Amino acid sequence: MMKNRVAIIGSYLSRELFDKNKQKSEEEFEIVLYRKNLSFISLMSKAIEYDYKKLDTKLKVDNVQQMLDELDKDTLSALIAVQPDILILDFYGDVFNGVIETQEGSFLTNSFKDVTGAYLLSDVKIKRQMSSNRSVQEFLDYSSIWCQTFDSFVEFIQRFLPETLVLVNTINFIEETKRKNNVSQVWLRFNEYAQKKGIPVINDSLLELYQHIFGNFKINQLELFSQAKNKIEKTKKISETSLTYNLINNADFSEGKKYWQDDSGEYFVKNGILEINRQTMEGFTILHSAPIQISNDGNSVHKFELSMEVWVENLFALHLNDAFFYIWTYDDKVTREIKETKIYSSKLENLSSGKWKHINIELKCKGKYLELGPHMVGAGHFRYRNLSLSLKD
């Protein structure tokens, strides 16, 4: 039996819906994505550049994972890649943590006591902190931004994941809301807004949550879930809009090399074209994309289509290793220990001297994350444009 693929954007309390009853949940569910305590304001804002080499290896792995998710802002592309059947949301991050606005206009969930200390790998400059529960005025200011970003999130789901069942979880939050004044009212307002956007709010026991999704419940009370259950049980096809979504951040280099890691500093961008003109035959160079989440199931192999246009000045003057592009995958975003590597040859891909060549490559990648980018050994002059990585049905 195929398991229902579950994505969670929220707190450990939502994750516990599945962890508390592992035998039952492992039979029925597979958690393919988890974003811990993520504010929806942070989720929908722009990615923040960072230097992975400055990562403090002494930090707890869970904290580092949470930090990298905040900086990468890759939740939308990850949802496209993992194609969940069920998406569970809760608003813990917005209710309890609030956000930090950076000088560049992006937002981070205020999850760490020492923000600048936590984000030493990035040049984060704080403009202001915002909370949703300290006063009425702060709630109004916060909710004004929150509603706009949540609207954008709902529009994204409706457009790219129309068959995904989205639920808001409020189970077992009573003890949590006793800790601060105003919290229960703020949480209620966010839940009510989600309901107005057409998202059902679950407010029952764990057992009843299973019943909502799998049956054995009163049809007149939960007809919506019955319809959703029938949707999930059908063979799901990836939507056409999902198939057109480019998973690479700044793929057109309209922002220069932002969100790309250039270890050697040899790549440059002009008029949307990435270029490298290397004179030495010594060593090699790689340009890394930001991590792209592709799967949380180690047993599955996902199909993607990589496309680009490549120009090489002199094909026959290249090093014997005539690589022009690479892909590698790993299971852990924190350690990034390589699981699989693919390197593409200029001659095998039939590049021609002085001519642009359009290339389409079908990929089957193992692992949970993927990185890709130009790769060259020795001397050579290459140009790249119109990079794209998308799901293949």
Side-chain angles (χ1 to χ4, degrees), residues 4-18 29 31-44 75-76 78-80 82-96 109 132 139 142-173 176-177 183-206 208-215 217 219-234 236 239 241-242:
N4 289 275
R5 298 166 64 79
V6 178
I8 300 170
I9 301 174
S11 69
Y12 71 94
L13 295 165
S14 287
R15 177 122 194 186
E16 277 187 347
L17 293 174
F18 305 94
F29 302 108
I31 296 178
V32 294
L33 180 144
Y34 176 45
R35 291 292 185 267
K36 182 181 177 184
N37 295 349
L38 180 60
S39 156
F40 280 81
I41 296 176
S42 171
L43 186 157
M44 298 303 294
T75 300
L76 298 183
L79 286 169
I80 294 286
V82 303
Q83 292 288 304
D85 300 306
I86 303 166
L87 173 57
I88 304 289
L89 312 177
D90 74 58
F91 305 129
Y92 187 104
D94 288 293
V95 173
F96 284 99
T109 311
S132 66
F139 170 74
Y142 192 96
S143 61
S144 175
I145 300 173
W146 186 88
C147 289
Q148 293 175 36
T149 56
F150 192 74
D151 287 352
S152 299
F153 176 76
V154 172
E155 288 169 8
F156 175 90
I157 297 298
Q158 290 172 342
R159 180 182 177 192
F160 291 102
L161 298 166
E163 293 189 37
T164 296
L165 168 62
V166 185
L167 306 171
V168 170
N169 176 32
T170 63
I171 298 172
N172 294 332
F173 289 149
E176 295 295 319
T177 56
V183 166
S184 58
Q185 286 300 310
V186 171
W187 210 319
L188 180 63
R189 295 292 178 269
F190 287 158
N191 288 342
E192 287 175 346
Y193 192 82
Q195 283 181 303
K196 287 179 182 178
K197 303 302 292 186
I199 302 175
V201 174
I202 302 301
N203 194 23
D204 295 307
S205 69
L206 175 62
E208 287 174 340
L209 176 60
Y210 286 121
Q211 291 173 339
H212 290 337
I213 299 172
F214 293 112
F217 50 81
I219 297 298
N220 61 339
Q221 291 180 340
L222 296 164
E223 186 176 348
L224 179 61
F225 291 97
S226 177
Q227 295 169 0
K229 172 180 173 286
N230 292 334
K231 265 189 180 181
I232 292 171
E233 287 178 345
K234 293 176 183 176
K236 248 183 73 173
S239 70
T241 49
S242 280

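Heavy-atom basis, side chains included; hydrogens, waters and symmetry copies ignored. A quick note: this is a predicted structure, and the numbers were derived from the prediction, not measured.
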**Report entry** Side-chain donor/acceptor of Ser132 to backbone N/O of Tyr142, under 3.5 Å
**Finding:** no

**Report entry** Reported CG-to-CD1 distance for the pair Leu161 and Ile80, which is rounded to 0.5 angstrom
**Finding:** 5.0 Å

Report summary line: Interatomic distance, CD1@Ile145 vs CD1@Ile41, rounded to 0.5 Å, equals 5.5 Å

Report summary line: Output for pair (Ile8 CD1, Asp90 CG), nearest 0.5 Å, gives 9.0 Å

Query raised in the report: How many angstroms lie between atom NZ of Lys197 and atom CD of Gln158, to the nearest 0.5 angstrom?
Result: 7.5 Å

Query raised in the report: Do Leu89 and Val166 have side-chain heavy atoms sitting under 4.5 Å apart?
Result: yes

Query raised in the report: So Phe150 and Ile199, side chain to side chain contact (heavy atoms under 4.5 Å, CB included) or not? Walk me through it.
Result: CA-CA 12 Å; Phe150 192 74; Ile199 302 175; 3.8 Å; yes

**Report entry** Which residues share a ring-ring contact (aromatic ring centres under 6.0 Å, His included) with Phe190, sequence neighbours left out
**Finding:** Trp146

Query raised in the report: side chain to side chain contact (heavy atoms under 4.5 Å, CB included) between Leu188 and Thr170: does it pass, once the steps are laid out?
Result: CA-CA 9 Å; Leu188 180 63; Thr170 63; over 6 Å; no

Report task. Of all the heavy-atom pairs spanning Gln83 and Arg5, show the shortest one and how long it is. Result -> O-NE, 3.7 Å

**Report entry** Side-chain donor or acceptor of Ser42 paired with backbone N/O of Leu38 under 3.5 Å
**Finding:** no

Requested in this report: Would you tell me whether Ser11 and Asn37 have side-chain atoms, one donor and one acceptor, within less than 3.5 Å of each other?
Outcome: no

Query raised in the report: If you measure from CD1 on Ile88 to CG on Asn169, what distance do you get to the nearest 0.5 Å?
Result: 6.5 Å

**Report entry** Axial cation check for Phe139 ring with Arg189, 6.0 Å and 45° limits
**Finding:** no

Query raised in the report: Is there side-chain contact between Leu33 and Leu87, with at least one heavy-atom pair below 4.5 Å?
Result: no

**Report entry** ring-ring contact (aromatic ring centres under 6.0 Å, His included) partners for Phe153, two or more places apart
**Finding:** Phe40

Query raised in the report: Do Asp94 and Val186 come within less than 4.5 Å of each other through their side chains, counting heavy atoms only?
Result: no

Query raised in the report: In Å, rounded to the nearest 0.5 Å, how long is the span from CD of Gln148 to CE of Met44?
Result: 11.5 Å

**Report entry** Sub-6.0 Å ring centroid separation between Phe91 and Tyr193
**Finding:** no

**Report entry** Pro84 backbone acceptor or donor facing Thr164 side chain under 3.5 Å
**Finding:** yes

**Report entry** Thr241: partners by side chain to side chain contact (heavy atoms under 4.5 Å, CB included), with sequence neighbours left out
**Finding:** Arg159, Phe160, Ser239

